[in-house]
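What follows is a short report on a single structure.
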Amino acid sequence: TSSPETAAHLIAANGHSRTEDRCCSEPCVGRLAAGAYTSHRAKRSHGAVYDGNMIRWLVGLLFVVSARADVLFDETFNSGIDSWTSSEASKGDSKYDGEWKITSEVEKFGETSVNNSALMIGQASRHYCLSRQINPPIRFGDTDIVVQYSVQFTKTMACGGSYLKLLSATPDLALASVTDTTPYTILFGPDKCGGDQYLRFIFRFKSPVTEEYSEVHARRIKEPHKIFRDKKTHLLTLVLKAELNEFAMYVDEEEVMAGGLGADDRFQPALSPPAKIADPEDFKPADWVDAEFIDDPTDVKPEDWVDAETILDPHATKPEDWDEDMDGEWEAPDIKNPEFKGVWRAKKIKNPEYVGPWEAKQIENPEWFEEAEPMRKLDPIGAVTFELWTTTSGITFDDLIITNSADEAHAAAEHWRMRRAQEDENDAVSPYAIFKKAASAVWGKIVALVALFMDPELFEREASPWIEQAIENPLLGGLMGLVLLSPFILLISVLCCCGSSSDDVDLTADDELEEDEDEDEGENEAAGESDASDGEKQPDQAT
């Protein structure tokens, strides 16, 4: 029998090193073996030595082929994007003219160094479209499908998408002509604009009744914002389970949503249309009364009720220099009516003719259908596409895989695990971590608040969730505003109190000084009179 270690040894004998594919630990051995037979990565040597054991080599080869059969699409961008096609089409009046970049760096994980490349969006406020064909197309059947890739927002995300589209394998699919209207089977990944933040999962399904396609959207997850703000690399995974017709979405290997594929508690709109609909030919009768309350006909406005809010100023007089020929007819200005009581309204009483709210009668929905196995009915996938618009540059994509095997997806994520561990370690000593510690103390919150205003990116990352919650809940927003303003109110109060006290002290001191000066002047005058009487006897004192 063969083992992953044996297969890896045989691949090494063939002259191929999976370190070129950045796989650096034992969980990756299976993917390492599989990777040797991917056409865009294989570097076979025809002069390979097989340790003199042809049977052992053939068994290893069978293991590799069977393992690789589970991997339907694999891309780490270590070989660039020569196998990808940029769209030459236009999206409305705009062309897909965004610049794609391949980043290259040497990553160090402990004593291990790995050459890594990733796909990056190079320019802000551009349209992007880059596709790679899948041949043969991926067909949905009895096996699970796992779609997985990593994304990193190196800058604070403002508005734009960073999702994948798995294009439908239609006869006229041409990668150089792909646009936003090109049919797709699955859309998966982050999407953000302002406070609207999503981890999207959409699949297109053809109705067996109308034969028209509809988009089935997964409901919004609770907290997608961490994907966009912490500037770390995030692993996004979508699992479609064929036997159960269920799905699951994961962020950083943690489940964020799962359930039936197309179920109404997980998708809006749901896959199946409602079984009953309002009869479009049923109309409300003309004599139907649906007003539950009416004005009391016996309630009349009192004669002394004043509902004029303003009156002419009775004390105003026309200016003497008013010229009616030049200025027109003079009118007294309006003033608030001191006797104004408000707008009078009759009391409400129960309507004796009230029938109730009218609703059209329900009929069977002619477009209704129920699909027990929707996954098998999805259109085959013919290409992977990044068809995006974004106002933010520096978005990177990496470690993309589509597979039938959860183990293969897990192995493919090994590079992300090492990278994320390194990011978390670096983050522990970052200003962000220091901010978190400072915010744990009462006065630390004030210091942290000042730090937020001094660092715009830190402010956006930390304050945006508060602002979004405040918009959704005005009461919570008012409370948060009071908490944020309380340090400033306290500081102003202290300064005002201290200022008043110091002013009182200064005034008292000034008064005492003025009294002393008055006493000195009095003494000087008395001394002057004395000097005047003895002026002839006293010599001049010059300074």
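- Val151 places none of its side-chain heavy atoms less than 4.5 Å from the side chain of Phe228.
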**Report entry** Criterion side-chain contact (heavy atoms from CB on, under 4.5 Å) on Phe369 and Thr210, from CA distance to verdict
**Finding:** CA-CA 10 Å; Phe369 67 89; Thr210 65; over 6 Å; no
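- Separation of atoms CD1 (Ile81) and CH2 (Trp100) is listed at 8.0 Å; rounding is to 0.5 Å.
- Gln152 pairs in a side chain to side chain donor-acceptor pair (under 3.5 Å) with only one of the listed residues (His234, Lys232, Arg419), which is Arg419.
- Side-chain atoms of Met157 and Thr390, non-hydrogen and from C-beta on, do get closer than 4.5 Å to each other.
- Contacts of Cys159 classified as side-chain contact (heavy atoms from CB on, under 4.5 Å), with partners at least two apart in sequence or in another chain: Cys193, Trp389, Thr391.
- Taking a cutoff of 4.0 Å between a charged side-chain nitrogen and a carboxylate oxygen, Arg200 and Asp191 qualify as a salt bridge.
- For the pair Thr392 and Thr156, the minimum side-chain heavy-atom distance is 4.5 Å or more.
- A cation-pi arrangement is absent between Arg266 and Phe247 under the rule of less than 6.0 angstrom and at most 45 degrees off the ring axis.
- Ser393 approaches Gln123 most closely through the heavy-atom pair CB-C, 3.7 Å.
- Between Thr403 and Leu72 the shortest side-chain heavy-atom distance does not fall below 4.5 Å.
- Remark: aromatic rings of Tyr198 and Tyr163 are distant, center separation not under 6.0 Å.
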Requested in this report: Run the numbers on Thr170 and Asp172 for side chain to side chain donor-acceptor pair (under 3.5 Å), then give the verdict.
Outcome: CA-CA 5 Å; Thr170 57; Asp172 58 346; 3.0 Å; yes
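- Atoms CH2 and CG, from Trp416 and Asp399 in turn, are 10.5 Å apart once rounded to the nearest 0.5 Å.
- Between Phe73 and Trp84, the ring planes are perpendicular. Angles over 60° get that label, and only those under 30° would be called parallel.
- In this structure, the side chains of Asp282 and Trp358 come closer than 4.5 Å at one or more pairs of heavy atoms.
- In this structure, Ile401 CD1 and His410 NE2 are separated by 12.0 Å, a value rounded to the nearest 0.5 Å.
- Within the 3.5 Å criterion, the main-chain N or O of Ser117 finds a donor-acceptor partner in the side chain of Asn78.
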**Report entry** side-chain contact (heavy atoms from CB on, under 4.5 Å) between Arg420 and Arg417, worked out
**Finding:** CA-CA 5 Å; Arg420 181 56 181 269; Arg417 292 188 197 95; 5.9 Å; no
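- The main-chain N or O of Asp93 is never found under 3.5 Å from a side-chain atom of Lys91 such that the two would form a donor-acceptor pair.
- Residues meeting the side chain to side chain donor-acceptor pair (under 3.5 Å) test with Asp379, sequence neighbours left out: Tyr213.
- Heavy atoms of other residues, nucleotides or ligands lying less than 6.0 angstrom from CD of Glu253 number more than 12.
- Aromatic ring pairs are classed by plane angle as parallel below 30°, tilted from 30° to 60° and perpendicular above 60°; the pair Phe203 and Phe201 is tilted.
- Arg229 places no side-chain N or O within donor-acceptor distance of the main-chain N or O of Phe153, the cut-off being under 3.5 Å.
- Using a 4.5 Å heavy-atom threshold, the side chains of Leu166 and Tyr184 count as separate.
- Scanning both residues, Thr233 and Asp252, for their nearest heavy atoms gives O-OD1, 4.2 Å.
- Of all heavy-atom pairs between Met249 and Ala218, the closest is CE-CB, 4.5 Å.
- Taking 4.5 Å as the limit, some side-chain heavy atom of Ile102 sits within range of a side-chain heavy atom of Leu119.
- Glu255 CD to Tyr250 OH: the interatomic distance, rounded to the nearest 0.5 Å, is 4.5 Å.
- The aromatic rings of Phe188 and Tyr149 sit perpendicular to each other, their planes meeting at more than 60°, with 30° as the lower class boundary.
- Within a 6.0 Å sphere centred on CD of Glu367, other residues, nucleotides and ligands contribute 12 heavy atoms or fewer.
- Expressed to the nearest 0.5 Å, how far OG of Ser272 lies from CZ of Phe205 amounts to 8.0 Å.
- In plain terms, the two heavy atoms of Leu261 and Leu271 that are nearest each other are O-CD2, 4.3 Å.
- Residues Asp398 and His415 are in side-chain contact: their nearest non-hydrogen atoms beyond the backbone lie under 4.5 Å apart.
- Separation of atoms CD1 (Ile138) and CD1 (Ile402) is listed at 4.5 Å; rounding is to 0.5 Å.
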Report task. Could you check Asp290 against Lys284 for salt bridge (charged side-chain N to carboxylate O under 4.0 Å, His left out), going step by step and ending with a plain yes or no? Result -> CA-CA 10 Å; Asp290 53 6; Lys284 184 172 71 173; 3.1 Å; yes
Query raised in the report: Going through the checks in order, is the side-chain contact (heavy atoms from CB on, under 4.5 Å) test met by Leu130 and Thr85?
Result: CA-CA 6 Å; Leu130 189 68; Thr85 302; 5.9 Å; no
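- In this structure, Leu236 and Gly189 approach most closely via the heavy-atom pair CD1-CA, 4.5 Å.
- Looking at Lys377 and Glu373, no side-chain N of the basic residue comes within less than 4.0 Å of a carboxylate O on the acidic one, giving no salt bridge.
- Every residue two or more places apart in sequence or in another chain that forms a side chain to side chain donor-acceptor pair (under 3.5 Å) with Gln148 is listed here: Thr237.
- One finds a salt bridge joining Glu364 and Lys276 here, because a Lys/Arg side-chain nitrogen approaches an Asp/Glu carboxylate oxygen to under 4.0 Å.
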Query - Verdict with reasoning, Ser86 to Tyr96, per side-chain contact (heavy atoms from CB on, under 4.5 Å) - result: CA-CA 8 Å; Ser86 294; Tyr96 292 103; over 6 Å; no
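- Shown here is Glu105, whose CD atom has more than 12 heavy atoms of other residues, nucleotides or ligands within 6.0 Å.
- Side-chain atoms of Arg204 never come within 3.5 Å of backbone atoms of Leu378 as a donor-acceptor pair (strictly under, hydrogens ignored).
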Query - side chain to side chain donor-acceptor pair (under 3.5 Å) evaluation trace for Thr185 with Ser168 - result: CA-CA 5 Å; Thr185 301; Ser168 303; 2.9 Å; yes
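- Under a 4.0 Å N-O distance rule, the pair Glu387/Lys165 qualifies as a salt bridge.
- Among all heavy-atom pairs drawn from Lys241 and Asp144, the shortest one is CA-OD1, 3.4 Å.
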